[in-house]
Engineer: 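Encoded as structure tokens, here's the structure I'll be asking about.
Residue numbering restarts at 1 for every chain, and letters A, B, ... go by the order of the sequence lines.
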Number of protein chains: 2
Amino acid sequence: MTKLRGKQTTQRILNAAAGIFSDVGFEGARVDEIARVAGVNKAMIYYHIGDKKALYARVIHHAFGNAVEQFTRNIKSTQSPQNKLRAFIRTVVEVVDRHPELAAIMLREQASGGKNLPETVAQDLARIVGIISGILAEGAQKGVFVKTIPFVVHMMIIGAVVFLKMSSPIRSKFPALSDTLSISGDKVSDMAAAEIENLVLNAVRK
Amino acid sequence: MTKLRGKQTTQRILNAAAGIFSDVGFEGARVDEIARVAGVNKAMIYYHIGDKKALYARVIHHAFGNAVEQFTRNIKSTQSPQNKLRAFIRTVVEVVDRHPELAAIMLREQASGGKNLPETVAQDLARIVGIISGILAEGAQKGVFVKTIPFVVHMMIIGAVVFLKMSSPIRSKFPALSDTLSISGDKVSDMAAAEIENLVLNAVRK
DNA sequence: GGATGGTTTAACTAAATAGTTAAATTATTC
DNA sequence: GAATAATTTAACTATTTAGTTAAACCATCC
């Protein structure tokens, strides 16, 4: 019971922290505010997790935890390179839709040069880049993809998905941008995701 | 002399602020720190510019000021759709290379749903999206581009360029990511930029 | 040199901040 | 029920924060 209570408290803290770090960044986040949103006394954050930096690392790790597993689960070795690439893109969409806070936090880390990024997350990222490199290399070897720079393709996919997802509130907010994508909403829409697939498959097709 | 002195003071404040806002975001930035970096007394920020929010808006506007003009200057109506698109991409690279603080601040704004974004900047963004929409529509009409969603293509280009630029310090920092792009450095390298051009032109080619 | 206007400074204000402490409360075990 | 351990609380600490104020300083003009 005590163990369960501690876990629930920790979970509430991590959820609140994820939202606030994604909204105002590490330096802009207030531990008092995180405590308030989590519905706990501030000292409990220090008791259960640690200082602000430890909390941040925990949030990222918690959200990033199984992204790599999702990629390896969704991409089967028996698939063609084209279908592997499609599965990769779909997984990116899935991860970003399920963890918008993670996407926002990663945007902020990019903006500050990875200043508060734990080493473990960098390793996860490297593995994901390894996956797409493998797909593109296989496609090139089988003569169905052009030879290209895998990291650039990776950036195009991640960039398009994340920017589409993250720009949704901005588009809603400003009338000038409302018409840029006729289908709006919180999710990366199926139509937009399909278009990213088409464009990326076209881009690498030999 | 007095006028010149006020201008120079303002410039120093804006430069310092741009760096700090890009590094730690709006909420994370400290007016005291901006003043220290600018080498001025804090009250001068309030005298010359105004409160923190006014300073932020001024920084964005100052950096964004002539981005739209750059696009219209670089893209000639006599060019083919393909060359227009190339010029568009090259301009994105140029703007991001010249104003990395702008790119970082825009990443942060995306992360927080455009919370502190002035309306004028949204209008500038809409005009840029209008430019690429025009290029793609012209290409489709001339039968050289597929019919697509212009905003998605825009996000792919912006996302790739910005992520490549912004991920450079992260790649330098973490050994696990050092091999992802064999040519590193601060600029979006010519090779990477050329590859983005190739991939995007391939993606939209009919 | 004095008047005027612009710029800068040092000190201030009220509130907020990350982290700490020790007591109170709750849960578990025998 | 008592002892022990885990969790939570309220208050605290020293520092920092955005913004303000009035005086000092500087530049220009007649």
Side-chain angles (χ1 to χ4, degrees), chain A residues 1-62 105 108-109 112 115-118, chain B residues 1-62 105 108-109 112 115-118:
Chain A
M1 187 53 101
T2 296
K3 271 197 176 174
L4 181 60
R5 196 168 62 160
K7 272 186 172 248
Q8 288 178 339
T9 302
T10 297
Q11 192 61 55
R12 283 191 353 254
I13 293 167
L14 291 175
N15 288 341
I20 289 169
F21 283 134
S22 78
D23 192 40
V24 292
F26 178 77
E27 288 86 359
R30 302 288 164 262
V31 181
D32 270 306
E33 178 69 9
I34 292 167
R36 193 189 63 74
V37 169
V40 299
N41 183 288
K42 180 168 68 167
M44 300 218 297
I45 294 177
Y46 295 92
Y47 177 79
H48 282 280
I49 294 169
D51 67 6
K52 195 174 167 187
K53 194 141 187 124
L55 176 61
Y56 190 70
R58 191 75 179 272
V59 165
I60 295 192
H61 188 256
H62 185 245
I105 287 170
R108 290 177 179 281
E109 282 302 324
S112 61
K115 187 158 61 169
N116 304 295
L117 202 56
Chain B
M1 188 55 97
T2 295
K3 271 196 176 177
L4 181 61
R5 196 169 60 158
K7 271 185 173 249
Q8 287 178 335
T9 301
T10 298
Q11 193 61 56
R12 284 191 351 253
I13 293 168
L14 291 175
N15 288 341
I20 288 170
F21 283 134
S22 78
D23 192 39
V24 293
F26 178 78
E27 289 87 0
R30 301 290 168 261
V31 182
D32 271 307
E33 178 68 11
I34 293 167
R36 190 188 64 77
V37 170
V40 299
N41 181 289
K42 179 168 66 167
M44 299 218 299
I45 295 178
Y46 296 92
Y47 175 78
H48 282 280
I49 294 167
D51 68 6
K52 193 176 170 185
K53 192 139 190 126
L55 175 61
Y56 189 71
R58 191 77 180 271
V59 165
I60 297 192
H61 189 255
H62 185 247
I105 287 170
R108 289 180 179 278
E109 282 302 323
S112 61
K115 187 159 61 172
N116 303 296
L117 202 56

Engineer: Taking CZ from B/R12 and P from C/dT8, how many angstroms apart are they, rounded to a whole number?
Structural biologist: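 Computing the B/R12:CZ to C/dT8:P distance gives 8 Å.
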Engineer: Between A/R12 and A/G39, is there a donor-acceptor pair closer than 3.5 Å when you use the side chain of the first and the backbone of the second?
Structural biologist: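 Such a contact is found between A/R12 side chain and A/G39 backbone.
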Engineer: Measure CG/B/D51 against C1'/D/dT17 and give the value in whole Å, please.
Structural biologist: 14 Å
Engineer: Using only heavy-atom distances, decide whether a donor-acceptor pair under 3.5 angstrom links the side-chain of A/D32 to the base of C/dA16.
Structural biologist: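 Looking at the base of C/dA16, it does not pair with any donor or acceptor on the side chain of A/D32 (distance under 3.5 Å).
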Engineer: Evaluate side chain to side chain contact (heavy atoms under 4.5 Å, CB included) for B/V24 paired with B/R30, printing each intermediate quantity in order.
Structural biologist: CA-CA 9 Å; B/V24 293; B/R30 301 290 168 261; over 6 Å; no
Engineer: For B/N116, run the side chain to side chain donor-acceptor pair (under 3.5 Å) check against B/K52, B/K53, B/R108 and tell me which one passes.
Structural biologist: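 That would be B/K53.
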Engineer: Measure from the side chain of B/K52, starting at C-beta and using heavy atoms only, and say which of C/dT7, D/dG19, C/dA18 lies closest.
Structural biologist: D/dG19
Engineer: Which whole-number value in Å describes the distance from A/I45 CD1 to C/dT20 P?
Structural biologist: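 Nearest whole value for this atom pair: 13 Å.
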Engineer: Could you say whether A/E33 or B/V40 is positioned toward the 5' end of DNA chain C, judged by the nucleotide with the nearest heavy atom to each?
Structural biologist: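 It is B/V40, whose closest nucleotide lies nearer the 5' terminus.
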Engineer: Could you tell me whether A/N41 contacts a base, only the sugar-phosphate backbone, or nothing, with contacts defined as non-hydrogen atoms closer than 4.0 Å?
Structural biologist: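 It contacts base atoms.
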Engineer: Between atom CD in A/E27 and atom P in D/dT16, what is the gap in whole Å?
Structural biologist: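 It is 16 Å, rounded to the nearest whole Å.
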Engineer: Rounded to the nearest Å, what distance is computed from the OH atom of residue B/Y46 to the C1' atom of nucleotide C/dT13?
Structural biologist: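 Value for this atom pair: 13 Å.
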Engineer: Measure CZ/B/R30 against P/D/dG19 and give the value in whole Å, please.
Structural biologist: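 Roughly 11 Å, once rounded to whole Å.
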Engineer: What's the closest nucleotide to the B/T9 side chain, out of C/dT8, C/dG19, D/dT8?
Structural biologist: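 Nearest listed nucleotide: C/dT8.
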Engineer: Is B/A35 touching bases, backbone alone, or none of the nucleic acid, heavy atoms closer than 4.0 Å?
Structural biologist: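 B/A35: no heavy atom of the nucleic acid under 4.0 Å.
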Engineer: Output the distance between atom CD1 (A/I60) and atom CG (A/L14), rounded to the nearest 0.5 Å.
Structural biologist: 12.0 Å
Engineer: Quick one: which of D/dA18, D/dT9, C/dA10 gets closest to the side chain of B/A43?
Structural biologist: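 Among D/dA18, D/dT9, C/dA10, the one nearest the side chain of B/A43 is C/dA10.
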Engineer: Provide, to the nearest angstrom, the distance between the CE atom belonging to B/M44 and the P atom belonging to D/dA24.
Structural biologist: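 B/M44 atom CE is separated from D/dA24 atom P by 19 Å.
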Engineer: When you match A/H48 and A/K42 each to their closest nucleotide on DNA chain D, which lands nearer the 5' end?
Structural biologist: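 It is A/H48, whose closest nucleotide lies nearer the 5' terminus.
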Engineer: How long is the line joining CD1 of A/I34 and P of C/dA18, in whole Å?
Structural biologist: 8 Å
Engineer: Anything under 30° is parallel, anything over 60° is perpendicular, the rest tilted; go ahead and classify B/F26 against B/Y56.
Structural biologist: perpendicular
